[in-house]
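Please read these numbers as outputs of a predicted model, since none were measured by experiment.
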Amino acid sequence: QVQLVESGGGLVQAGGSLRLSCAASGRAFSSYTMGWFRQAPGKEREFVSAVSWSAGNTYYADSVKGRFTISRDNARNTVHLQMNSLKPEDTAVYYCAAKPAVLSIVVVRTWNYWGQGTQVTVSS
């Protein structure tokens, strides 16, 4: 069992930066693939980024590639999403997620654990 709590959301102007954090509890954290998803009003939840258990592999949606960076610290049971050059279209609730495997990472229903979400609002 893994519990996830996100933090770091807020309001920022276009071009600005935010750093999201996800604190995880549970003994198996270091063995899980960790990911970030987002959901804008009226839209489906979508994949943003993921990192393998060893942090050896990272994955990004095309829409955030080159602007967002995912990282994890297994010693502290945390995963971060550094978001730079933010755009109004990045506005959404951002969710941290965990799963035991690295397969099908872009498919929402394959993820086992979810945080409660943190709001990111980018003004133009």
Donor on one side chain, acceptor on other, Ser123 and Gln13, under 3.5 Å =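 Side chains of Ser123 and Gln13: no pair found under 3.5 Å.
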Would you please say whether a donor-acceptor pair under 3.5 Å links the side chains of His80 and Ser71?
->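 Looking only at side-chain atoms, Ser71 and His80 do not form any donor-acceptor pair under 3.5 Å.
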Nearest 0.5 angstrom please: [X] [atom1] to [Y] [atom2], how far?
X	Y	atom1	atom2	answer
Ser49	Ile70	OG	CD1	3.5 Å
Gln82	Ser21	CD	OG	9.5 Å
Arg67	Ser85	CZ	OG	7.0 Å
Ser7	Tyr94	OG	OH	15.0 Å
Phe47	Tyr59	CZ	OH	9.0 Å
Leu81	Cys96	CG	SG	9.5 Å

Do [X] and [Y] have side chains that get closer than 4.5 Å, going by heavy atoms?
X	Y	value
Met83	Leu20	yes
Phe37	Val108	yes
Gln1	Tyr113	yes

Over all heavy atoms of both residues, which pair between [X] and [Y] is shortest? Give the atoms and the distance, please.
X	Y	result
Ala28	Ser31	O-OG, 2.7 Å
Pro88	Ala14	CD-CB, 4.1 Å
Asn84	Ser17	OD1-OG, 2.9 Å
Met34	Ala98	SD-CB, 3.5 Å
Ile105	Ala50	CD1-CB, 4.1 Å

With hydrophobic residues grouped by side-chain heavy-atom distances under 4.5 Å, do [X] and [Y] end up in a single group?
X	Y	result
Leu103	Val51	no
Val102	Leu4	no
Val48	Tyr60	yes

Worked check of side chain to side chain contact (heavy atoms under 4.5 Å, CB included) between Leu18 and Val120 | CA-CA 9 Å; Leu18 281 174; Val120 171; 3.9 Å; yes
Can you list the steps and then say if Arg38 with Ser63 is a side chain to side chain contact (heavy atoms under 4.5 Å, CB included)?
-> CA-CA 12 Å; Arg38 66 187 182 187; Ser63 59; 3.4 Å; yes
cation_pi(Arg45, Tyr95) dist<6.0 Å, angle<=45 |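 Checked: cation-pi criterion met.
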Criterion side-chain contact (heavy atoms from CB on, under 4.5 Å) against Arg72, the qualifying member of Val79, Thr78, Asn77, Thr33 |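 Considering Val79, Thr78, Asn77, Thr33, a side-chain contact (heavy atoms from CB on, under 4.5 Å) with Arg72 is found only for Val79.
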With ring-ring contact (aromatic ring centres under 6.0 Å, His included) as the test, would you mind laying out the steps for Phe29 and Trp53 before giving the verdict?
-> CA-CA 8 Å; Phe29 172 80; Trp53 68 273; over 10 Å; no
Could you walk me through whether Glu6 and Gln116 pass side chain to side chain contact (heavy atoms under 4.5 Å, CB included), step by step?
-> CA-CA 7 Å; Glu6 303 96 333; Gln116 83 289 349; 2.8 Å; yes
Mark yes or no for whether Thr121, through its side chain, and Leu11, through its backbone, hold a donor-acceptor pair below 3.5 Å.
->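 Such a contact is absent between Thr121 side chain and Leu11 backbone.
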Give a yes or no on whether the ring-centroid distance for Phe68 and Trp36 is below 6.0 angstrom.
->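 No.
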Residues Asp62, Lys65: salt bridge by 4.0 Å N-O rule =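 Lys65 and Asp62: salt-bridged.
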